[in-house]
Amino acid sequence: MTEIVTAAMLVIGDEILSGRTKDKNIGHLADIMTAIGIDLKEVRIVADEEDEIVAAVNALRTRYNYVFTTGGIGPTHDDITADSVAKAFGVPCEYDAKAYALLEASYAARGIEYTEARKRMARMPRGADHIDNPVSVAPGFRIGNVHVMAGVPAIFQAMLDNVVPTLRAGTKMLSATVECPFGEGLIGGPLGDIQKANPDTIIGSYPKYGDGKFWTELVVRARSQQALDSARADVEAMVAGLIKASRVG
């Protein structure tokens, strides 16, 4: 049986929208989700504004199996993700005893003061579970189907490694690539007909340019080998026909 599992990503932070910070987490999450058979269907980027975060979390968590957020769980005043997610779920945001103790011990071991700002990283929605952080100790958290993680790429990736084993994977998408020496203007019509004839596949058309010529990379995706092979054969036959016609002309 084919099982489709979906996910969305919510990137939080004014620094992303202003261009001061270049996001490196979207591509990584997409790669990991594809590898385990989960379809990343949507990515949103919102500012550090509580109402916007709450609205986005509530919209995404009801539509997809999993939601992953990045950013806004640090020690500063504008790190409001934990409060916003708590509000989205209608629960208090409070100090988590385990997180508080972990951070307290970590700072003590390094001889660093455990300030009120640093204590903020121990706050999370009531009832949330930890997402371990092997890089800098301060945990992310999971509540419902929402996974809240750091924005720093190394920490996000480490947290995601701990999340992946807990996810329900879907049927992996298979793919095949067909090189086409023609531009999209020529193949658009027949390619659309092939897509209609192969409804269990997704056919992508990606224009390329090199050596003064346009060409197209055609990628066929499907969850069954039979569907993939059928659509790929149709695409290859279309390309072969166009090549033959161009030589005759």
Side-chain angles (χ1 to χ4, degrees), residues 1-11 22-45 59-68 70 145 147 153 156-157 160-161 163-249:
M1 292 289 293
T2 297
E3 182 177 14
I4 298 176
V5 181
T6 60
M9 184 176 190
L10 179 61
V11 181
K22 311 301 181 186
D23 180 85
K24 296 181 179 179
N25 296 323
I26 296 172
H28 182 75
L29 180 66
D31 285 342
I32 296 300
M33 292 297 99
T34 298
I36 63 175
I38 296 176
D39 292 354
L40 182 62
K41 303 291 285 185
E42 184 175 349
V43 176
R44 296 192 189 187
I45 304 175
L60 296 174
R61 72 187 179 97
T62 58
R63 186 173 181 181
Y64 303 106
N65 296 113
Y66 298 114
V67 177
F68 303 92
T70 64
N145 63 340
H147 300 74
F156 170 74
Q157 292 175 22
L160 185 61
D161 287 344
V163 168
V164 165
T166 72
L167 303 177
R168 175 170 57 90
T171 304
K172 293 183 180 180
M173 190 76 78
L174 307 173
S175 69
T177 300
V178 178
E179 304 292 347
C180 175
F182 305 102
E184 288 187 303
L186 185 61
I187 64 174
L191 193 64
D193 293 337
I194 293 173
Q195 178 67 87
K196 291 178 182 178
N198 294 271
D200 293 331
T201 67
I202 301 169
I203 303 175
S205 174
Y206 306 100
K208 306 290 183 178
Y209 181 80
D211 297 326
K213 296 180 180 180
F214 286 99
W215 55 284
T216 310
E217 184 178 81
L218 304 175
V219 179
V220 182
R221 297 182 177 89
R223 283 191 160 82
S224 81
Q225 191 66 51
Q226 181 178 359
L228 181 74
D229 291 343
S230 175
R232 176 173 55 185
D234 288 349
V235 171
E236 289 174 341
M238 175 199 73
V239 172
L242 291 172
I243 291 174
K244 182 178 180 180
S246 68
R247 289 173 178 169
V248 171

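For the numbers below, each heavy atom of this structure counts, side chains included, while hydrogens, waters and symmetry mates do not.
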Would you check, one step at a time, whether the test side chain to side chain contact (heavy atoms under 4.5 Å, CB included) holds for Val11 with Asn25? CA-CA 9 Å; Val11 181; Asn25 296 323; over 6 Å; no
Do Val235 and Leu191 pass the side chain to side chain contact (heavy atoms under 4.5 Å, CB included) test, and can you show the C-alpha distance, the side-chain angles, and the key distance before you say yes or no? CA-CA 7 Å; Val235 171; Leu191 193 64; 4.3 Å; yes
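Of the residues listed (Leu29, Asp31, Thr34), the one engaging Leu40 in a side chain to side chain contact (heavy atoms under 4.5 Å, CB included) is Leu29, and it is the only one. Remark: of the listed residues Arg223, Arg232, Gln195, Met173, Gln195 is the sole one forming a side chain to side chain contact (heavy atoms under 4.5 Å, CB included) with Thr201.
In this structure the side chain of Glu42 never reaches within 4.5 angstrom of the side chain of Met9, judged on heavy atoms. Taking the side chain as every heavy atom from C-beta outward, Val239 and Pro181 approach each other to under 4.5 Å.
Interatomic distance, CZ of Phe156 versus CG of Asp161, reported as 9.5 Å (0.5 Å rounding). A distance of 5.0 Å separates NE2 of His28 from CG of Leu160, quoted to the nearest 0.5 Å. Taking CG from Leu218 and CD1 from Ile194, the interatomic distance works out to 8.5 Å, rounded to the nearest 0.5 Å. Within the model, atoms CD1 of Ile45 and OG1 of Thr70 stand 8.5 Å from one another, a figure rounded to the nearest 0.5 Å.
For CD of Gln226, the number of neighbouring non-hydrogen atoms (other residues, nucleotides, ligands) closer than 6.0 Å is 12 at most. By the neighbour-count criterion of 12 heavy atoms within 6.0 Å, atom CZ of Arg168 is densely surrounded, having more than that number from other residues, nucleotides or ligands.
Formation of a donor-acceptor pair under 3.5 Å by the Asn65 side chain with backbone atoms of Thr6 is found in this model. Of the possible polar contacts, one joining the Asn145 side chain to the Tyr64 backbone as a donor-acceptor pair under 3.5 Å is found. Ser230 places no side-chain N or O within 3.5 Å of a backbone atom of Ala227 that could act as its donor or acceptor partner. Put simply, the side chain of Thr177 never gets that close to the backbone of Val219: no donor and acceptor are under 3.5 Å apart.
Scanning both residues, Pro207 and Glu184, for their nearest heavy atoms gives CG-OE1, 3.5 Å. When all heavy atoms of Ala8 and Leu60 are compared, the pair lying nearest together is CB-CD2, 3.9 Å. Closest non-hydrogen pair, Ser175 versus Arg221, comes out as CB-CG, 4.0 Å.
Taking the side-chain contact (heavy atoms from CB on, under 4.5 Å) definition, one finds that Leu167 meets it with Met33, Ile36, Ile38, Tyr66, Phe68, His147, Val163, sequence neighbours left out. By the side-chain contact (heavy atoms from CB on, under 4.5 Å) test, Leu242 pairs with Phe182, Leu186, Ile187, Met238, sequence neighbours left out.
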